[in-house]
Amino acid sequence: MRPIIALADCNNFYVSCERVFDPRLEGKPVIVLSNNDGCVVARSNEVKALGVPLGKPIFECQDLVDKHHILLFSSNYTLYADMSQRVMSILDEYTPEMERYSIDEAFLSLSGMSIDRTEYSREIRETVKRSTGIPVTIGIGPSKTLAKVANKIAKRTSSLRGVFDITDHPKIEDYLAQIEVGDIWGVGYRYSEMLQENGIKTALDFTRADDIWVQKRMTIRGLMTLKELRGEPCIPFEDAPPPKKGIISSKGFGIETERKDDLKEALADYTAQAAFKLRRQKSLCSVIQVFIQTSMFKAQGKYAGGISVRLPVPTSDTGVLTQAAYQGLERVYRSGYAYRKAGVMLTEIIPESAFQPDLFGTTLSSEKKINLLHAMDALNTRFGRKTAQMVAAGTLKLWGMRRSKLTPRYTTAWEDLPVAKAC
DNA sequence: TCTGGGGTCCTAGGACCC
DNA sequence: TCTGGGGTCCTAGGACCC
């Protein structure tokens with residue numbers, strides 16, 4: 001059966017989430033900032049029109065912010081994750097197979113469905129909007145890459161009312177000619193430069209490139225992108241995402257610190273978060289990598305250190321992993337530096353079921369301890385990440401994030417529920 | 001002067017995505 | 001003053017082996 005794939009993409013997702021809970025933001029220029037209020041990670045259409053690029057440090061945009069009264073928000077991932085869950089569960093009802101691609105995007109299989117795809121997609125869109133307040137755009141095509149292209153066209157053409165089906169479209173070449181090569185999914189900054197130097201400026205030009213040449217310059221992935229644009233699906237549809245091969249937890253601090261104890265607190269906190277994700281996917285890891293660094297943007301006093309610590313047996317025990325992280329820290333820590341960031345990465349991940357205890361039945365953790373961890377996970381899943389945590393993660397958090405423009409946790413904390421006032 | 005060929009494994013680095 | 005966090009995949013090159 002020929003695949004037909006729809007890509008549903010939430011418009012300006014983080015900004016839209018903020019707008020759901022404060023409709024006064026509608027029509028106003030809004031920016032959502034990264035952790036520590038550092039960079040622009042989401043922009044309303046009004047801000048995009050002003051030419052503010054994604055990823056720009058906000059202090060470099062101060063003039064525009066002042067001039068156009070742009071409203072700034074710290075990122076509120078708890079809220080966005082919860083809104084994402086609501087959107088995804090609605091999308092899921094409209095297809096036998098869905099691939100959650102990111103927090104704000106999902107591929108839906110429409111293969112073999114006898115429907116008017118455009119009408120059907122409009123209905124999906126309206127239901128999501130009505131139930132969650134989030135606006136969604138849907139692009140449809142015979143491959144993921146063409147669904148992405150169709151989505152882009154739908155976003156920039158308001159007369160399409162949020163849905164575009166490029167499958168077997170008679171003017172497909174005209175549309176591909178309107179897509180800049182750097183806007184193709186899978187073609188980033190580097191390849192975009194390289195292709196343009198070789199006279200390939202649009203998606204249409206790219207479809208006419210030589211297969212061997214493309215593979216040589218852009219690896220097998222580039223060739224897959226090329227074929228997908230020609231309508232030949234190469235990137236598989238992944239109904240159930242494979243377990244993660246590495247789990248990272250790292251964050252910049254709100255302040256600089258030289259103190260090893262602050263780094264220990266931070267690492268304990270990040271390790272707990274990573275171990276939680278590890279247990280959630282029912283896996284164990286054999287290696288924890290630890291890294292710490294100063295700001296990399298200054299001229300002097302820079303330092304970055306990282307090291308791997310191997311566990312005696314695979315584990316997902318927060319306590320064991322935290323002790324290993326501390327060992328790693330002892331080896332990479334240098335006094336006299338102003339640290340800005342730390343992190344851990346869990347690797348060599350295997351499923352819990354694959355673990356063979358050795359001849360003596362060695363495990364690092366008693367059954368009691370594992371039960372305690374699962375109980376903590378359940379609490380944290382239900383009531384928020386910091387409900388139950390190890391004392392080692394600290395309670396002062398001098399190094400914690402700066403989030404000066406944070407909105408309330410409208411949907412996930414009772415005390416932050418929005419209040420409806422009678423007039 | 002001459003100094004094989006092929007396989008595997010590992011790592012670092014580079015590209016991409018949101 | 002202020003510069004995110006979390007992932008994936010591919011390739012080249014070196015080490016090592018027979």
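Chain identifiers are assigned alphabetically (A, B, ...) following the order of the sequence lines, protein sequences preceding nucleic acid strands; residue numbering begins at 1 within each chain. Here the structure is a predicted model, which means the values were calculated and not measured.
Just one of A:N151, A:N11, A:D9 meets the side-chain hydrogen bond (donor to acceptor under 3.5 Å, both in side chains) condition when paired with A:T137; it is A:N11.
As judged by a 4.0 angstrom heavy-atom cut-off over every strand, A:K298 is placed among residues making no nucleic acid contact. Heavy atoms of A:K56 sit nowhere under 4.0 angstrom from any nucleic acid atom. As judged by a 4.0 angstrom heavy-atom cut-off over every strand, A:R403 is placed among residues making no nucleic acid contact. In this structure, A:K277 reaches the sugar-phosphate backbone alone: every heavy-atom distance under 4.0 Å involves primed, P, OP1 or OP2 atoms, never a base. Using a 4.0 Å heavy-atom distance criterion, A:D104 is classed as a sugar-phosphate-only contact. Within the 4.0 angstrom heavy-atom criterion, only backbone atoms of the sugar-phosphate kind lie near A:S249; the bases stay farther away. Among the atoms of the strands shown, none is found under 4.0 Å from any heavy atom of A:I235. Residue A:G246 is in sugar-phosphate contact alone, with no base atom involved, counting any heavy-atom pair closer than 4.0 Å across all strands shown. Nucleic acid contact class of A:I247 (heavy atoms, under 4.0 Å, all strands): sugar-phosphate only.
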With both pairing distances under 3.5 angstrom for Watson-Crick or G-U wobble, and | for a partner in another strand, the correct string for DNA chain C is ....||||||||||||||
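Because its NZ or CZ atom is not both nearer than 6.0 Å to the ring centre of A:F253 and within 45° of the ring axis, A:K341 does not count as a cation-pi partner of that residue.
Comparing the same atom, C1', in B:dG4 and in C:dC16 gives a spacing of 16 Å after rounding to whole Å.
Between the side chains of A:D37 and A:S404, at least one donor N or O lies within less than 3.5 Å of an accepting N or O. A donor-acceptor contact closer than 3.5 angstrom links the side chains of A:E18 and A:Y80. A donor atom on one side chain and an acceptor atom on the other are found under 3.5 Å apart for A:D82 and A:T411. No side-chain donor from either of A:S143 and A:T145 sits under 3.5 Å from a side-chain acceptor of the other.
Taking the centre of each ring, A:Y94 and A:Y120 come in below the 6.0 Å mark. In summary, the aromatic rings of A:W213 and A:F206 are positioned with their centroids too far apart to meet the 6.0 Å limit. Ring to ring, A:F73 and A:Y14 are not that close: their centroids are 6.0 angstrom or more apart.
Here the closest heavy-atom approach between residue A:V344 and residue A:A274 is recorded as CG2-CB, 4.2 Å.
Atoms CG (A:D183) and P (B:dC17) sit 10 Å apart, rounded to a whole Å. Distance CG (A:L33) to P (C:dG5): 13 Å, rounded to an integer number of Å. Summarising the geometry, the separation between CZ on A:R221 and P on B:dC17 is reported as 10 Å, rounded to the nearest angstrom. The CD atom of A:E256 sits 11 Å away from the C1' atom of C:dC2 (whole-angstrom rounding). In this structure, A:R340 places its CZ atom 4 Å from P of C:dT3, rounding to the nearest Å. In this structure, A:R280 atom CZ and C:dG6 atom P are separated by 12 Å, rounded to whole Å. Following rounding to the nearest Å, A:I255 (CD1) and C:dT1 (P) show an atom-to-atom distance of 19 Å. When rounded to the nearest whole Å, the span between NZ of A:K341 and P of C:dC2 equals 15 Å.
Stacking is found between A:F297 and the pyrimidine-like six-membered ring of the C:dT3 base under the 5.5 Å centre-distance and 30° plane-angle cut-offs.
Using bins of under 30°, 30° to 60° and over 60° for the plane-to-plane angle, the ring pair A:H169/A:Y175 lands in the perpendicular bin.
The stretch residues 189-215 of chain A comes close to DNA chain B through A:Y189, A:R190, A:Y191, each having a heavy atom under 4.0 Å from the strand.
Applying the 4.0 Å criterion to OP1 and OP2 of C:dG5, one finds that A:S34 has every side-chain N and O outside that range. Between A:K245 and C:dG6 there is no side-chain polar atom (N or O) within less than 4.0 angstrom of OP1 or OP2.
Mapped onto DNA chain C by nearest heavy atom, A:E238 and A:E60 fall at different nucleotides, with A:E60 at the one closer to the 5' end. Comparing A:I248 and A:Y14 by the nucleotide of DNA chain C whose heavy atom lies nearest to each, the residue mapping closer to the 5' end is A:Y14.
In this structure, A:R19 pairs ionically with A:E46, as a charged nitrogen and a carboxylate oxygen lie closer than 4.0 Å.
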Once base and sugar-phosphate atoms are separated, protein heavy atoms under 4.0 Å mark nucleotides 8-13 of chain B, 5' to 3', with B, S and - as ------
task: Please assess A:D377 against A:R279 for the test salt bridge (Lys or Arg N to Asp or Glu O under 4.0 Å), listing each intermediate value before the final yes or no.
output: CA-CA 9 Å; A:D377 291 346; A:R279 292 191 294 270; 2.7 Å; yes
